Amino acid sequence: SQTHNLALTRSGAIYAWGWNPERLLGVKSRDMFVTDPVRVRHCDGTVFTRVDCGNFVSVALSANGEVFVWGNSASSLLTHDLPSPTRLKI
């Protein structure tokens, strides 16, 4: 199945698993499918309060109100691939 999942811990960490083309999940694994939840990288020290995922893209809101996105440009929501969470400049 071509889906991926995100989970948010009580402490504000994000874990991802599922379909991982072009490192869609934001984790170090280059495997096409990740079966076990893996902590999303490049977020150390950031506390998240909300997460959501759709086709090819993931979004997270930090406790400080910052929005982070990552995923594959096949979503038509991103202009280029973002293999790790990237803070949006709003």
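Since this is a predicted model, take the numbers as computed values, not measurements.
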Chemist: In chain order, what residues pass the side-chain contact (heavy atoms from CB on, under 4.5 Å) check against V59, with sequence neighbours excluded?
Modeler: V67, V69

Chemist: Report the distance from atom CG of N64 to atom OG1 of T49, rounding to the nearest 0.5 Å.
Modeler: 9.5 Å

Chemist: Please give me the minimum heavy-atom distance between A60 and I14, naming the atom from each residue.
Modeler: CB-CD1, 3.6 Å

Chemist: Quick one: pull up CH2 in W17 and OG1 in T3 and give me the separation to the nearest 0.5 Å.
Modeler: 10.0 Å

Chemist: With sequence neighbours excluded, tell me which residues meet side-chain contact (heavy atoms from CB on, under 4.5 Å) with T46.
Modeler: F48, S62, F68

Chemist: Looking only at heavy atoms, which two atoms of H4 and S58 are closest? And how far apart?
Modeler: NE2-OG, 2.9 Å

Chemist: Which heavy atom in L24 sits nearest to a heavy atom in G71, and how many Å separate them?
Modeler: CD1-CA, 3.5 Å

Chemist: For the CG atom of L8 and the CG atom of D52, what is their distance to the nearest 0.5 Å?
Modeler: 11.5 Å

Chemist: Say you draw a straight line from OH of Y15 to CG of D36; how long is it, rounded to the nearest 0.5 Å?
Modeler: 12.0 Å

Chemist: Taking C-beta and beyond as the side chain, do L25 and V34 meet within less than 4.5 Å on heavy atoms?
Modeler: yes

Chemist: Do the side chains of V40 and P85 get nearer than 4.5 Å, heavy atoms only?
Modeler: yes

